[in-house]
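Heads up: the structure comes next, in structure tokens.
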Amino acid sequence: MTRLSEKLRLSLFLYKPTRFLSLNLLPNISLSSTLHLCKSLARALASKTLAFFSSSSAMDDPYWDLDFRPSFRSQRLRLHDDYDDDDRSNDDVSHNAVDKLYLVPYRWWKEVRTEDDQMGGVLYTASTDDDAGSEIFLNLKKKDVAEEGFSGREYALVPEPTWCRALRRHNDFYAAAKDNVSLFGAEIFLKDVFSLQIRLFVSWETNSLVVKISQRDNTVDSYKRACNIFSSEYVPLHIWDFSGQTTQIFMNDSINLPNDIPGQLNKEILLELRLHGFSYYMKGRDWWSDEVADRHPSMDSSTYGGSMKMNGSTDYVNPYLTPTNSLQSGTIYRGAGSLGLIGLENLGNTCFMNSAIQCLVHTPKLVDYFLGDYRKDINYSNPLGMKGELALAFGELLRKLWAPGAKPVAPRMFKLKLASFAPQFSGYNQHDSQELLAFLLDGLHEDLNRVKCKPYIEAQDVEGRPDEEVAEEYWQNHLARNDSIIVDVCQGQYRSKLVCPVCSKVSVTFDPFMYLSLPLPSTTMRTMTLTVLSTDGTALPCTFTVTVPKSGRSLDLTNALSTACSLRDDETLMLAEVYKCRIFRLLEDPFDSLDLIRDGDRLVAYRLPKDCETSLLVTFIHQQMDMCHNNGEMRLVPQAFGIPLVATLPGVCNGSDIRNAFLKVLNPYLMSPGDVLNIFDDDFANEDSNATTTTTTTTIMDNDADSDRESRDEANSDTDFQFYLPDAKEAIEDTLIEMNEPIVVSGLPKRLKVLVLWSDNMTKKYDTCLLNTLPEVFKPQFFVRKPEESVSLYKCLKAFMKEEPLGPEDMWYCPICKKPQQASKKLDLWRLPEILVIHLKRFSYSNLFKNKLETFVDFPIYGLDLSPYISHRNSQLSSQYMLYAISNHYGGMGGGHYTAFVHLGNGSWYEFDDEKVLPVGQERIRTSAAYVLFYRRVPDI
């Protein structure tokens, strides 16, 4: 490469009239010696050429010079990013690397064409000249104006993506007109795709493009069919070119082959042309199949025109090529039967990506768009996009999946470009298909945004204006900055209403959405057992079992428990999880999901006065001395036991207040003297009786107890309970609380933890068994089958639009109150998109746990009616939708597998499981694995 570079100079320049890229070779060596270099360079420059075509700077400074040494006169070759590795050139024939071209009857093309398909069409009149039956010459002359009422033959020349798009539309047309139609249109169309080798050159004497079809370049059957199609018997003949290739051939020839070079005007271009649909539109009968059957009576029609199953699709084997064909021996055409039925290889945990891609590439409007001229919309200057790289990668991947052929595609380049836009998808870890879908749609929108310079739009005052006017203004402002096929097809608009709970200020906005994320309301219930404790020493612990929604919130549990324990109006409940005799966490957020509470957890609820916000909340953790191994020897160390008790105190208190509060909440656990005597001998019983009397007197000091006995209790209690302030590890250090020492706690809420060291004497006077009894939330029963949970999609929509307060982390700043408020929020659908993507929120995440809901969602396949859920009903657009794709997730949070169900135009459903594609019955597509649903709008019934 280095030595060759010393002799070769390359320059790239843009021809403004035709906007195609040309490569100048100024070599001191032959063209054939540098062909391999040119092909390698073509691939390297492919990405640059795309920007080069659309960049305005390229028009101003159109030369890219690679500094090689120049020599003498130049020859020019067309540069293509899809140049085939096995292309060859010789002295008399040049192979032009172009998109695969299809010639179809214009009538067939006309039935399904769109306005975009007609743009750029060039009309030619064709005259035919047969050369002794061995060659056909067509002279194509450009015709500026089409004839009205033309009654001759008309053909259309289209590139392969456009042909695929037309074939798909034909399939939809026939599927709607006829039941049980075969895959992708009438079966007769599938029997008429064959290849023809043609040679082209420009005749400047007649100013025409000459097409030569030779018998030596083709099979006998193909040539005979060409004679029938182009025979001079049927005149006149018009050919429409919608591919743009004939224009480029004229321009290449006029520029590349100067008149002063002899022998260059008749240089030929060898091209493979595929013909489709002529058996049906010529004479109305398959004359060629009869001929083949006559010559090969041992082979029935299924051998020559049949189909076979590969990769779950029907592939047509071209009947016109025989093993003796010198040009294309053994070639198999993957015909129309395999369009859209090609799988994606799993590159390593990429099933999530494959599932999302298959759903998108079977979205009808996106298929038509990316099979057309989508490159004209690429926004190379958008800083939020990928300079068109993501759109180009997706477009090329879609075209591969819709091109004839049944070989699974490896989406490596697409994954690379996606990871550049969203780095979290780099590597080979499993991800969420909905998350990828959101990033992909956003990336495609930015790459295809037709707005090159986004205007600044100042928000207008909406006070006192009707919602219809405000919504339309919001939508037009959005379109002024965002205009792409993704916006056209996938984006809708919803109405968001916020109400301040303090001043009742109402704020209404209208925001666009790309998809709906619907919660799954639970229809089954869950039983939970909790222990309720008093904080004023009036009652023993009491256990309650309540029933709450399986996917409910902490608020649901608090409400159910408040009813069960007959909570007074001046009381509130504080829920907590107890672990290893300590409060592990407080369940203070009313919107926390109950999924975060496991069946094996142990929960308590403390009854507190409602007006305790400014009070000191003291948590008592019980400890007693026990023999344990410590540094290799047995030592007495404090060990925690029992359920922590809670009491409230004034903001300023001392050690004596702490002790009295503890004795008060501990009072219900005091055993009667009779219970003590039954447990201990007489000596201990007498001693315990005195102690019991002392403690009892202390606990009833609020009831006018004798002051002398109270003083004696205080003296004795100092040796019965010792109170400590814990360190960071909640261990006893030299932090003994003195009775007269004030305790100051700053900040809100005011909370204090106190370690209470019990003496052996006190553990015998109080019923510690009650303190040590704390049941689990739920004790599972073995061999009990849980019923499958089911909910309708409409119920999910109602839950999505239900008014509810914002969470503490999503507070809304009220402009009247001048501070964040926990406002109530209500969502309503206002404008519906053509393609409605519905995400079912099966996964829940928190700092501690991850969970997946296996709820079966009963979603309609046909006739999803959203009219009851739309606030704005003046629109003329339909609110009826039909399901066409599903992204499924099987398994749990730790792994799992993604697949896709896709509905094709023939009325059949297919399962896409990575590279495998198999038909599936409609009755099997509704499962509890459905994760993302894709609906398209249909006319109102």
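Note: hydrogens, waters and symmetry copies are ignored here, and every other heavy atom, side chains too, is used.
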Revision key, fill the gap. Output for pair (F721 CZ, I737 CD1), nearest 0.5 Å, gives 14.0 Å
Check your understanding: Would you say the side chain of V646 lies within less than 4.5 Å of the side chain of L533, judging by non-hydrogen atoms?
Key -> no
Check your understanding: Does the side-chain contact (heavy atoms from CB on, under 4.5 Å) test come out yes or no for F513 and D511, once each step is laid out?
Key -> CA-CA 7 Å; F513 67 87; D511 302 310; over 6 Å; no
Study note, to complete from the structure: Given the options L530, T563, V532, F544 meets side chain to side chain contact (heavy atoms under 4.5 Å, CB included) only with V532
Study note, to complete from the structure: Given the options R585, R602, R582, E577 meets salt bridge (charged side-chain N to carboxylate O under 4.0 Å, His left out) only with R585
Point to revise | Side-chain heavy atoms of L586 within contact of R751, under 4.5 Å | key: yes
Practice item. Indicate the ring-plane relationship of W830 and F510, choosing parallel, tilted or perpendicular according to the 30° and 60° boundaries. Key: perpendicular
Practice item. Measure the shortest side-chain to side-chain distance between L829 and L516 over non-hydrogen atoms and say whether it is less than 4.5 angstrom. Key: yes
Study note, to complete from the structure: d(D720 CG, Y766 OH) to nearest 0.5 Å is 8.0 Å
Check your understanding: Can you list the residues that meet the side chain to side chain donor-acceptor pair (under 3.5 Å) rule with D828, with sequence neighbours excluded?
Key -> K826
Check your understanding: Is the OH atom of Y813 crowded by more than 12 outside heavy atoms at less than 6.0 Å?
Key -> yes
Practice item. Would you give the length of the straight line joining atom CG of L771 to atom CG of L645, rounded to the nearest 0.5 angstrom? Key: 6.0 Å
Check your understanding: Counting only heavy atoms not in K505, do more than 12 sit closer than 6.0 Å to its NZ atom?
Key -> yes
**Study point:** Step-by-step salt bridge (charged side-chain N to carboxylate O under 4.0 Å, His left out) determination, R526 to D599
**Key:** CA-CA 10 Å; R526 175 186 181 186; D599 290 343; 3.2 Å; yes
Check your understanding: Run the side chain to side chain donor-acceptor pair (under 3.5 Å) check on Q722 and Y724 step by step: do they pass?
Key -> CA-CA 7 Å; Q722 291 182 331; Y724 296 85; 3.0 Å; yes
Review point. Are L437 and Y515 close enough that some pair of their side-chain heavy atoms sits under 4.5 Å apart?
Key: no
Practice item. For residues L840 and L793, determine if any side-chain heavy atom of one lies less than 4.5 Å from a side-chain heavy atom of the other. Key: yes
Review point. Who are the side chain to side chain donor-acceptor pair (under 3.5 Å) partners of T538, not counting sequence neighbours?
Key: D536
Check your understanding: Is the CG atom of D570 crowded by more than 12 outside heavy atoms at less than 6.0 Å?
Key -> yes
Exercise for review: Take the angle between the ring planes of F662 and H622 and call it parallel below 30°, perpendicular above 60°, tilted in between.
Suggested key: tilted
**Study point:** Criterion side chain to side chain donor-acceptor pair (under 3.5 Å) against Y931, the qualifying member of K852, H839, Q434, R842
**Key:** H839
Review point. Between atom CD of E741 and atom OG of S656, what is the distance when rounded to the nearest 0.5 Å?
Key: 12.5 Å
Check your understanding: With side chains defined as the heavy atoms from C-beta onward, is the minimum distance between Y606 and L617 less than 4.5 Å?
Key -> no
